Structures are given as C-alpha cells and as structure tokens.
Protein chains: 2
Amino acid sequence: MLRRVEYAVVMATQDMREPTFLILAALANGKKHGYALIGEADELSGGRVKLKVGTLYAALDRLQAEGAVASAGEEVVDGRHRRYYELTDHGVAVLGDEVARMEQNLEQAKARLRMRPVPPVAVRLS
Amino acid sequence: MLRRVEYAVVMATQDMREPTFLILAALANGKKHGYALIGEADELSGGRVKLKVGTLYAALDRLQAEGAVASAGEEVVDGRHRRYYELTDHGVAVLGDEVARMEQNLEQAKARLRMRPVPPVAVRLS
DNA sequence: CATTAATAGTAAGGTGTTCGATATATAGCG
DNA sequence: CGCTATATATCGAACACCTTACTATTAATG
C-alpha cells in the first residue's frame with residue numbers, strides 16, 4: 001500500500017541577519033504594522049539600523065512564508081491603512097533560538113577576550 | 001589649483017555573520033593556524049558550526065585585507081605546512097564592537113520576550 | 001494648490017558572505 | 001594500495017540584504 005507523504009519544507013534558513021532579528025524582536029511584545037517596524041528597529045538598535053522598505057517587506061514575506069510571522073488584521077487610523085503582523089508560536093521559537101545562539105557566542109567571545117595578555121600601557125607611573 | 005584627493009574606501013561592512021565572528025573569537029586568545037580554526041569554531045559554537053574550508057580561507061583573506069587579522073609566521077609540523085594568523089589591534093576592536101552590538105540586541109530582544117503574556121498551560125492543576 | 005509625512009507596497013540591479021565542490025600534498029593505517 | 005586526516009587553496013552558485021526608484025492614498029501644512 002502506497003502512502004502519500006508531505007514533507008515540511010525545512011528551508012535551509014541560512015543565517016539570520018540583523019534586520020530580520022530586529023523585526024522579530026520588535027514583534028515579540030505584540031503585533032505591529034509594517035511601517036511601525038522601521039521605527040522600532042531604529043529604537044531597538046539604538047539608532048544604528050534604519051530599515052529600508054525594500055528590506056522590510058522582503059523580510060516580512062520571507063518570515064511569513066517560513067511561518068514565523070502572520071498577518072494580524074487591518075485597521076484604518078486617521079484615514080491611513082495599517083496592516084498588522086504578529087509572531088506565530090514558531091516565530092517565538094525562532095527568536096528564542098537566535099537569542100540562545102547569540103548568548104552562547106557572546107559568552108565564548110568575551111571569555112576569549114578576557115584571556116588576552118594585558119595590553120601595554122602608554123604611560124606607566126613608577 | 002587642482003588637488004588630487006584620495007578617498008578612504010569605507011566599505012559598508014554589512015554585518016558580520018556567524019562564521020566570521022567565530023574566527024575572530026577563536027583568534028582572540030592567541031594565534032592559530034587556518035585549519036585549527038575549524039575545530040575552534042566547532043568548539044566555541046558547541047558543535048553547531050562546522051566551518052567549511054571555502055568559508056574559512058575567504059574570511060581570512062577578507063579579514064587580512066581589512067586589517068583585522070595578520071599573518072603570524074609559518075611552520076612545518078609532521079610534514080604539514082601550517083600558516084598562522086593573529087588578531088591585530090584593529091581586529092580586537094572589531095570583535096569588541098561586534099560583541100557590544102550583540103549584547104545590545106540581545107538585551108532588547110530578551111526584554112521584549114519577557115513582556116509577552118504568559119502562554120496557556122496544557123494542563124492546569126486545580 | 002503644492003508639498004511633506006505616514007502608510008503600503010513592487011521591481012531592478014547589485015554586493016558580500018557562505019556553501020559546495022574540487023584540487024593538491026603529506027602522514028599514517030589497514 | 002587506497003582511505004582518512006591534516007593542511008592549504010580556488011571557483012561558482014545561492015541567498016539575504018541593500019539601494020534606488022517607482023506607484024498609491026490620505027492628512028496636514030505652508
């Protein structure tokens with residue numbers, strides 16, 4: 001007897017870059033509309049990252065296809081159309097994994113940096 | 001009077017990916033030869049990252065061109081040729097910046113995750 | 001009335017890092 | 001003699017992201 005089997009497309013999901021990470025992090029405390037994420041990423045990164053709309057919507061498409069983010073309704077505020085996005089359970093897990101990975105790399109790197117010999121001091125007082 | 005002006009190539013320096021980060025971290029506690037970095041990255045990442053040779057040597061070339069890593073002599077051990085690499089002062093700074101950036105993103109993401117409502121529990125004991 | 005800001009997209013073209021495969025050489029092991 | 005491990009290296013494909021540049025709608029501001 002033959003069975004038809006569906007495989008989950010695991011989608012190698014190469015490696016998450018900062019813009020994508022910040023989008024997930026921005027959605028972690030509740031749904032947001034697309035444009036708001038530009039400001040959130042700016043804030044979360046301390047002004048370092050200015051998301052471009054091209055980057056933003058491409059990332060949202062990718063994350064939705066991957067099942068980490070889902071549409072969460074639309075709204076009209078002051079005549080402006082807003083489309084909301086939220087993290088799925090899978091998205092929370094993805095972000096959690098990324099956080100764990102960064103935490104580990106961070107600790108290891110800091111430990112290695114601590115092992116370095118003290119750098120020579122410019123002026124040594126006798 | 002015309003002046004000839006040279007511009008520093010600022011090299012947008014996108015965003016550092018995990019393999020590159022691990023290479024820098026692996027070199028933070030002393031010089032290593034190229035191939036040894038594969039094992040170091042494996043260890044630092046808790047077995048998650050298996051550096052590919054293509055990635056390794058491409059990254060080393062890039063980091064040397066950028067002045068973050070420098071050659072630190074050669075050696076022949078058991079008939080095997082080893083070429084050593086070490087972090088420059090600039091490389092230490094680059095790694096330090098990356099650590100700081102990760103630390104910030106990490107804290108922000110964890111704070112947001114903490115703001116989430118408690119997820120429903122599968123079985124609740126009365 | 002024209003412009004700017006907020007909001008949502010799409011498309012073309014390009015960069016940089018990593019992956020996968022391949023090549024070369026030596027030492028050791030069965 | 002071939003296989004595995006150590007070691008160096010190169011090349012093309014894949015892919016996330018970037019930049020620039022558009023289209024559209026509504027509200028507010030000059």
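Small disclaimer: the values here were computed from a predicted structure and weren't measured.
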Visitor: Looking at every strand, decide which applies to A/Val77 at a 4.0 Å heavy-atom threshold: base, sugar-phosphate, or nothing.
Guide: nothing
Visitor: Nearest heavy atom decides the nucleotide; on that basis, is B/Ala59 or A/His81 closer to the 5' end of DNA chain C?
Guide: A/His81
Visitor: Find the distance B/Leu51:CG to C/dG20:P and express it as a whole number of Å.
Guide: 13 Å
Visitor: Check whether any side-chain N or O of B/His33 sits under 4.0 Å from OP1 or OP2 of D/dA7, and answer yes or no.
Guide: yes
Visitor: Would you mind reading off the distance between A/Leu37 atom CG and C/dG9 atom C1', rounded to a whole angstrom?
Guide: 14 Å
Visitor: Is the closest side-chain heavy-atom distance between A/Val49 and A/Asp42 below 4.5 Å?
Guide: no
Visitor: Does A/Thr88 reach the main-chain N or O of A/Ala70 with its side chain, forming a donor-acceptor pair under 3.5 Å?
Guide: no
Visitor: Starting at the 5' end of DNA chain D and moving along, which residue's nearest nucleotide shows up first, B/Tyr85 or A/Val49?
Guide: B/Tyr85
Visitor: Can you tell me the distance, in whole Å, between the CD atom of A/Glu18 and the P atom of D/dC15?
Guide: 23 Å
Visitor: Does the distance from a Lys or Arg side-chain N to an Asp or Glu carboxylate O, for B/Glu40 and A/Arg112, drop under 4.0 Å?
Guide: yes
Visitor: Of all the heavy-atom pairs spanning B/Ala59 and B/Ile23, show the shortest one and how long it is.
Guide: CB-CD1, 3.6 Å
Visitor: Between the main-chain N or O of B/Tyr85 and the side-chain N or O of B/Ser71, is there a donor-acceptor pair closer than 3.5 Å?
Guide: no
Visitor: What is the distance, to the nearest angstrom, from the CG atom on A/Leu60 to the C1' atom on C/dT7?
Guide: 14 Å
Visitor: Check the distance between C/dA6's P and A/Lys32's NZ and give it to me in whole angstrom.
Guide: 18 Å
Visitor: Output a table of nitrogen or oxygen pairs between the protein and nucleotides 26-30 of chain C separated by less than 3.5 Å.
Guide:
unit_1	atom_1	unit_2	atom_2	d
C/dT26	O2	B/Arg80	NE	3.3

Visitor: Could you check whether A/Phe21 gets within reach of a base, just the sugar-phosphate, or nothing at all, counting any heavy atom under 4.0 Å?
Guide: nothing
Visitor: Nearest to the A/Thr20 side chain among D/dA16, D/dT8, C/dC19, which nucleotide is it?
Guide: D/dA16
Visitor: Got a donor-acceptor pair under 3.5 Å from the side chain of B/Arg82 to the base of D/dA7?
Guide: no
Visitor: Return no unless some side-chain N or O of A/Lys52 is found under 4.0 Å from OP1 or OP2 of D/dC18.
Guide: no
Visitor: Look at the side chain of B/Ala58 and decide which nucleotide, out of C/dT18, D/dT8, D/dA16, has an atom nearest to it.
Guide: C/dT18
Visitor: If you only use heavy atoms from C-beta on, which nucleotide in D/dT6, D/dT10, C/dA8 is closest to the side chain of B/Tyr57?
Guide: D/dT10
Visitor: Determine whether a donor-acceptor pair (one donor, one acceptor, N or O, separation below 3.5 Å) exists between the side chain of B/Arg83 and the base of D/dT8.
Guide: no
Visitor: Is any side-chain nitrogen or oxygen of B/Arg17 closer than 4.0 Å to OP1 or OP2 of D/dC17?
Guide: no
Visitor: With nearest nucleotide decided by heavy atoms, which residue, A/Lys50 or B/Ile38, maps closer to the 5′ end of DNA chain D?
Guide: B/Ile38
Visitor: Could you state the atom-to-atom distance from CD of A/Glu40 to P of C/dA6 in whole Å?
Guide: 15 Å
Visitor: Write down the distance between CE (A/Met16) and P (D/dC17), rounded to a whole number of angstrom.
Guide: 9 Å
Visitor: Please report, rounded to the nearest Å, how far the C1' atom of D/dA16 is from the CG atom of A/Leu56.
Guide: 14 Å
Visitor: Looking only at side-chain atoms of B/Thr55, point me to the closest of D/dA9, C/dG16, C/dC19.
Guide: C/dC19
Visitor: Checking B/Gln64 against B/Asp61 for the side-chain contact (heavy atoms from CB on, under 4.5 Å) test, could you report, in this order, the C-alpha distance in whole Å, the side-chain angles of both residues, the deciding distance, and whether it holds?
Guide: CA-CA 5 Å; B/Gln64 278 184 100; B/Asp61 285 351; 4.2 Å; yes
Visitor: Are A/Tyr84 and A/Leu51 co-members of a hydrophobic cluster defined by side-chain heavy atoms under 4.5 Å apart?
Guide: no
Visitor: Measure from the side-chain N and O atoms of B/Lys52 to the backbone N and O of B/Lys50, and report whether any donor-acceptor pair falls under 3.5 Å.
Guide: yes
